[in-house]
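First the structure, in the form of structure tokens, and then the observations on it.
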Amino acid sequence: DVKVTQSSRYLVKRTGEKVFLECVQDMDHENMFWYRQDPGLGLRLIYFSYDVKMKEKGDIPEGYSVSREKKERFSLILESASTNQTSMYLCASLAGAYPSYEQYFGPGTRLTVT
Amino acid sequence: EDKVVQSPLSLVVHEGDTVTLNCSYEVTNFRSLLWYKQEKKAPTFLFMLTSSGIEKKSGRLSSILDKKELFSILNITATQTGDSAIYLCAVANSNSGYALNFGKGTSLLVTP
């Protein structure tokens with residue numbers, strides 16, 4: 001069974017703080033993704049990575065950066081948290097063996113920025 | 001710009017009813033359409049559809065894709081309260097590697 005874990009289920013941070021969200025997968029997957037989920041807006045892709053040290057911007061990368069130093073770990077960084085980054089953050093991974101596009105999701109981190 | 005549109009956005013039904021959830025898309029270089037179920041946690045995979053007209057079935061859930069009309073439906077028969085969830089539709093295209101483009105979801109509530 002594929003397991004994707006995220007470092008925190010709930011997180012409360014102050015405006016201006018630097019925030020790290022960690023995601024780890026245990027299946028040697030090449031592709032990893034960060035989404036945020038907001039009511040009425042669905043899941044929106046922030047960044048993804050198809051290999052160690054490789055990253056691609058998604059639809060809403062502004063205000064975020066990522067790091068992939070090891071294959072199993074993909075970190076999302078909020079350089080200076082703002083209240084409009086209050087959201088549910090979901091990490092996902094995918095083996096990348098075409099034709100499968102099935103992504104496996106972590107449990108999510110609900111981040112509140114005050 | 002690629003678009004994935006789900007309808008309805010929310011739905012309330014009684015146990016035992018049959019529901020149909022819709023997903024239409026406009027994407028370049030379509031590869032596959034996926035359905036996920038999300039309760040109060042991580043989305044879980046239901047189906048992946050790549051070919052038109054071939055129904056995928058799992059218990060009371062089934063789904064089919066129409067690549068000519070650019071839509072998919074997800075059917076749930078004999079609904080149960082445990083079917084209450086957000087149902088997400090996502091589309092993969094060849095432009096974005098393995099990234100998925102999600103719709104906004106349909107929130108289904110099944111009442112006893």
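Fair warning: this is a prediction, and the values are worked out from it, not measured in the lab. Order of the sequence lines fixes the chain letters, A, B, ..., with proteins taken first and strands second; residue numbering starts at 1 for each chain.
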### Query
Is there a side-chain contact between A:Arg44 and B:Phe102, using heavy atoms and a 4.5 Å cut-off?
no
### Query
Measuring heavy-atom distances to chain B, does A:Gln6 have an atom under 4.5 Å in its side chain, in its backbone, in both, or in neither?
neither
### Query
Between atom CG of B:Leu100 and atom CG of A:Leu43, what is the distance when rounded to the nearest 0.5 Å?
9.5 Å
### Query
Quick check, are the ring centers of A:Phe33 and B:Tyr98 under 6.0 angstrom apart?
no
### Query
Among B:Ser10, B:Pro43, B:Gly105, who wins on heavy-atom pairs under 4.5 Å with chain A?
B:Pro43
### Query
CD1 of B:Ile86 to CD of A:Gln37: how many Å apart, nearest 0.5 Å?
5.5 Å
### Query
Would B:Val110 end up clustered with B:Ile73 when hydrophobic side chains under 4.5 Å apart are linked, directly or stepwise?
no
### Message
Under 4.5 Å between side-chain heavy atoms, counting indirect links through other Ile/Leu/Val/Met/Phe/Trp/Tyr residues: same cluster for B:Val27 and B:Ile64 or not?
### Response
no
### Query
Given side chains that start at C-beta, do those of B:Phe45 and A:Phe105 come closer than 4.5 Å, heavy atoms only?
no
### Query
Do A:Tyr104 and B:Leu33 sit in the same hydrophobic cluster, where Ile, Leu, Val, Met, Phe, Trp and Tyr count as joined when their side-chain heavy atoms come under 4.5 Å apart?
no
### Query
How many angstroms lie between atom CZ of A:Arg9 and atom NZ of B:Lys41, to the nearest 0.5 angstrom?
9.5 Å
### Query
If you count heavy-atom pairs under 4.5 Å between each of A:Pro39, A:Gly42, A:Gly58, A:Ala92 and chain B, which one has the most?
A:Gly42
### Message
For a quick test of reading the model, state the closest non-hydrogen atom pair linking A:Gly106 to B:Ala42 and the distance between them.
### Response
O-CB, 2.9 Å
### Query
Is there side-chain contact between A:Gln103 and B:Tyr36, with at least one heavy-atom pair below 4.5 Å?
yes
### Query
Are A:Ile60 and A:Phe74 grouped together when hydrophobic residues (ILVMFWY) are joined by side-chain heavy atoms under 4.5 angstrom apart?
yes
### Query
In Å and rounded to the nearest 0.5 Å, what is the CD to CG distance from B:Gln38 to A:Leu90?
6.0 Å
### Query
Which answer fits A:Leu45, side chain, backbone, both or neither, if we ask what part of it has an atom under 4.5 Å from a heavy atom of chain B?
side chain
### Task
Please answer: with hydrophobic residues joined when any side-chain heavy atoms are less than 4.5 Å apart, are B:Leu61 and B:Leu65 in the same cluster?
yes
### Query
If you measure from CE on B:Met48 to OH on A:Tyr101, what distance do you get to the nearest 0.5 Å?
8.0 Å
